[in-house]
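Inspection log for the structure reproduced underneath, given as structure tokens.
We name chains A, B, ... by the order of the sequence lines, and we start the count at 1 in each one.
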Amino acid sequence: MPALQVYSTLSRKKEPFPKKPGEQVTMYVCGPTVYKPSHVGHMVGPVVFDAVKRYLVYLGYSVKWLVNITDVDDKLIHRANEAKTTVKELAERMTADYFDCLKKLNVTGIDAFPKATEHIGDMITTIDGLIKKGFAYPAEGDVYFNVSKDDDYGKLCGFDPEALEAGSRIEVSGRKKNPGDFALWKKAKPGEPAWDSPWGQGRPGWHIECTSMAQRHLGDTIDIHGGGLDLRFPHHENELAQSESASGKPFARVWMHNGLLKMGSGKMAGSVGNVLNVADALKHVSGEALRFFILNTHYRSPIDLGEWDPRDPKSPTLPPGLENAKKAHEAFVRLSERFDRVTGKKFHEVAVPGRAEDGRKFLLPEFGEKYTRFREFMDDDFNTGGAVGVLFELITSLNRLADGAKLEDPAKADANGKAAFEEGTTLAKELGQILGLFFELPKADALGDDDKIVGGLMQLVIELRNNLRAEAKKITTKDDPAKKMLFGQTDIIRTRLTELGITLEDRPAGTTWRVG
RNA sequence: GGCCUCGUCGCCAAGUGGUAAGGCAACGGUUUGCAAAACCGUCAUUCCCCGGUUCGAAUCCGGGCGAGGCCUCCA
């Protein structure tokens with residue numbers, strides 16, 4: 001197996017991953033400012049890095065992953081004023097929404113969500129240290145970072161500080177010594193949330209929370225720092241500058257930036273008005289299918305939802321990209337259902353290996369080939385798009401196997417074929433889990449008794465319909481009117497159910513039904 | 001204006017020097033009482049265009065055209 005390679009924004013090339021399996025990896029990914037409900041774009045980073053963590057754990061690393069919650073800033077303050085509520089209440093409500101979205105997309109790997117407001121003391125300590133070292137200066141209640149004191153400022157983005165100033169449209173505050181200087185601490189305006197500090201009442205600047213929280217929870221040097229490509233500048237550049245100035249050590253061994261979500265030709269943004277909230281998308285597509293959509297593309301590329309305008313009433317319910325992903329994802333779910341029918345076991349209860357193993361032996365060589373190629377894709381800078389392709393190839397060969405060995409028909413099923421199918425499907429589950437795909441549709445929430453009634457009714461309908469089918473099949477004369485009439489009735493049942501959104505599937509071992 | 005990406009089948013997408021994965025859609029077939037699902041087959045001699053390097057390029061270099069991102073809050 002080739003060693004894991006990761007692309008770092010800092011060096012602009014793929015590098016060998018700096019740690020060995022068995023060691024601990026620390027990961028910090030910039031999280032949301034919780035002032036609005038999460039849109040689909042907010043989920044890209046969490047899903048991508050959740051897959052990164054799952055794969056690292058699979059390779060034998062122990063991973064500690066933090067995502068910060070920015071619960072105080074200008075946008076929150078404005079929004080809370082608009083909504084006639086407090087910053088605290090708004091932040092708590094939107095944080096809950098964010099957590100709910102993560103859960104629906106199977107993002108379970110985040111170990112902690114430090115909040116900015118809970119680390120004000122740490123930030124003051126960091127800022128104070130920067131002032132004492134001469135990297136920052138107070139000015140009329142504000143504190144600024146002095147970019148001219150930082151020799152390698154601009155190294156993350158490859159920006160020349162001089163050029164930056166020339167092209168800058170930033171309105172230069174009179175308090176700044178250099179146009180590129182940025183606020184570490186902002187003096188409070190009346191009515192704003194504020195904390196006491198050596199420089200008077202105020203609140204932290206945008207970038208400082210990440211420095212203080214990362215250093216407090218993960219140490220001065222973290223292994224992976226992640227975030228959206230749009231955060232590269234100024235946020236990560238500034239975060240990097242202040243962190244390394246404060247500690248005197250490298251801040252992150254690898255910088256990973258995920259591509260942004262596009263809607264057809266342009267980016268998805270609140271200012272364009274073409275945002276798709278996660279909650280709205282989930283009305284029409286499962287969280288797992290949405291996750292699949294994100295992981296189907298390499299994380300550094302932009303992800304395209306396709307041409308779609310939520311403001312146009314003639315638009316379909318989902319953007320083309322999600323519609324496509326939804327259909328494609330069904331192949332995974334059907335495989336798990338087929339596994340249940342064919343083996344009599346529950347796919348979702350089958351145990352799978354949780355650790356990588358070189359030189360694995362399988363009943364069929366092609367399983368080994370899929371396993372190897374899946375890992376090669378993941379080793380190559382977490383190429384989930386390629387890995388998903390391998391998963392589809394595996395599914396096709398498993399279905400071919402099940403068809404060939406007649407596994408759906410208990411009377412004709414081939415035992416060797418069944419054993420191979422079981423092993424291969426278990427492998428598919430193992431690989432799917434690495435991506436956080438469990439091959440399932442969301443369970444209906446709190447249907448309870450209604451669920452049982454629907455299930456019972458469907459059994460009844462299927463039984464009655466199969467009685468009619470059996471009678472019809474007894475009549476061997478081809479054009480017998482009675483036969484036609486009986487099949488006509490069975491087809492009416494199926495057609496009407498289809499119109500209700502229920503699909504019947506007649507199989508050798510019996511009839512199954514599903515919604516959709 | 002400066003910095004940086006990207007342009008692969010109708011759509012999405014992997015592939016970054018060795019002769020084009022995969023998904024969706026479409027068409028033909030097998031299976032089925034008919035369907036659904038599944039399977040088989042067809043579907044890019046070609047990777048925006050023009051040059052160059054090389055035995056060999058979608059992959060490297062130069063130029064052109066087109067799209068996007070960042071430089072201001074943004075995952």
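Here the P atom of nucleotide B/rA35 and the CD atom of A/Q489 are 19 Å apart, to the nearest Å. A/I395 places its CD1 atom 12 Å from the C1' atom of B/rA38, with the value rounded to the nearest Å. If you take CG of A/L260 and C1' of B/rC4, they are 13 Å apart, rounded to a whole angstrom. Nucleotide B/rC70 holds its P atom 13 Å from the CG atom of A/N258, rounded to whole Å. Here the C1' atom of nucleotide B/rA38 and the CD atom of A/E337 are 13 Å apart, to the nearest Å. The separation between A/I77 atom CD1 and B/rC73 atom C1' is 13 Å, rounded to whole Å. Residue A/E505 contributes atom CD, which lies 5 Å from atom C1' of B/rA37 at whole-angstrom precision. Rounded to a whole Å, the CZ atom of A/R400 is 12 Å from the C1' atom of B/rA38.
Within the nucleic acid shown, A/A328 comes within 4.0 Å of sugar-phosphate atoms alone, with no base atom in reach, counting heavy atoms only. If you check every strand for non-hydrogen atoms under 4.0 Å, A/R465 touches a base. Counting any heavy atom pair closer than 4.0 Å across all strands shown, A/L391 reaches no nucleic acid atom. Note on A/G404: nothing from the nucleic acid sits closer than 4.0 angstrom, heavy atoms only. A/L231 comes within 4.0 angstrom of sugar-phosphate atoms only, judged by non-hydrogen atoms across all strands, and of no base.
B/rA13 is unpaired under the Watson-Crick or G-U wobble criterion, no partner having all donor-acceptor distances under 3.5 Å. Pair assignment for B/rG66: B/rC6, on the basis of Watson-Crick or G-U wobble contacts that are both within less than 3.5 Å. For B/rU19, there is no paired nucleotide, since no Watson-Crick or G-U wobble pair has both relevant distances below 3.5 Å. The partner of B/rU59, taking Watson-Crick or G-U wobble pairs whose two distances both stay under 3.5 Å, does not exist in any strand shown. Across all strands shown, B/rU54 forms no Watson-Crick or G-U wobble pair with both distances under 3.5 Å. Of the nucleotides present, B/rU42 is the one that pairs with B/rA26 by Watson-Crick or G-U wobble criteria, both distances under 3.5 Å. Checking B/rU32 for Watson-Crick or G-U wobble geometry (two distances, each under 3.5 Å) identifies no partner in any strand.
Aromatic ring centres of A/F392 and A/F332 lie closer together than 6.0 Å. Aromatic ring centres of A/H42 and A/Y98: separated by at least 6.0 Å. The distance between the ring centers of A/H236 and A/H257 falls below 6.0 angstrom.
In the interface, the side chain of A/R232 is not paired with the base of B/rG69 through any donor and acceptor atom under 3.5 Å apart. A donor N or O paired with an acceptor N or O is found under 3.5 Å between the base of B/rA35 and the side-chain atoms of A/R494.
Side-chain atoms of A/D97 come within 3.5 Å of backbone N or O of A/S38 as a donor-acceptor pair. Although no hydrogens or angles enter the test, the distance criterion places a donor-acceptor pair under 3.5 Å between the side chain of A/E288 and the main chain of A/F439. Put simply, the side chain of A/S8 gets close to the backbone of A/W255: a donor and an acceptor are under 3.5 Å apart.
Between B/rC11 and B/rG51, the two P atoms lie 26 Å apart (nearest whole Å). Look at the P atom in both B/rC12 and B/rC4: the space between them is 27 Å, to the nearest Å. The same atom, P, is picked in B/rC9 and in B/rC49; the two are 11 Å apart, to the nearest Å. With P as the reference atom, B/rU72 and B/rA44 are 47 Å apart, rounded to whole Å. Rounded to whole Å, the separation between the P atoms of B/rC60 and B/rA14 comes to 16 Å. With P as the reference atom, B/rG17 and B/rU31 are 47 Å apart, rounded to whole Å. Rounded to whole Å, the separation between the P atoms of B/rG22 and B/rG15 comes to 15 Å. Across B/rG10 and B/rG52, the matching P atoms stand 28 Å from one another, rounded to whole Å.
Side-chain polar atoms of A/E209 and A/N68 form a donor-acceptor pair below 3.5 angstrom. Side chains of A/N466 and A/T511: a donor-acceptor N/O pair is present below 3.5 angstrom, by distance only. A donor-acceptor pair shorter than 3.5 Å cannot be found between the side chains of A/N146 and A/Y144.
Of all nucleotides listed (B/rC70, B/rG23, B/rG33), B/rG33 comes nearest to the side chain of A/T490. Out of B/rA38, B/rG33, B/rA75, the shortest distance to the side chain of A/T33 is found at B/rA75. Closest contact between the side chain of A/R12 and the listed nucleotides B/rA38, B/rA75, B/rC4 involves B/rC4. Listed candidates were B/rA75, B/rA37, B/rG33. Nearest to the side chain of A/D506 is B/rG33. Taking the side chain of A/H39 as heavy atoms from C-beta on, and the options B/rA75, B/rG23, B/rG33, the nearest nucleotide is B/rA75. Relative to the side chain of A/F233, the nucleotides B/rC71, B/rA38, B/rC4 differ in distance, and B/rC71 lies closest. The side chain of A/K473 lies closest to B/rG33, out of B/rG33, B/rA75, B/rC39.
Contacts of A/V6 classified as side-chain contact (heavy atoms from CB on, under 4.5 Å), with partners at least two apart in sequence or in another chain: A/L4, A/F17, A/V254, A/M256, A/D381, A/F382.
For A/V44 and A/R507, each mapped to the nucleotide of RNA chain B holding its nearest heavy atom, the one lying further toward the 5' end belongs to A/R507.
Between A/E393 and A/R373 there is a salt bridge, since at least one side-chain N of the basic residue sits less than 4.0 Å from a carboxylate O of the acidic one.
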| field | Nucleotide-resolved protein contact map, nucleotides 11-22 of chain B, B/S/- at heavy-atom distance under 4.0 Å | value | -SSSS-----BS
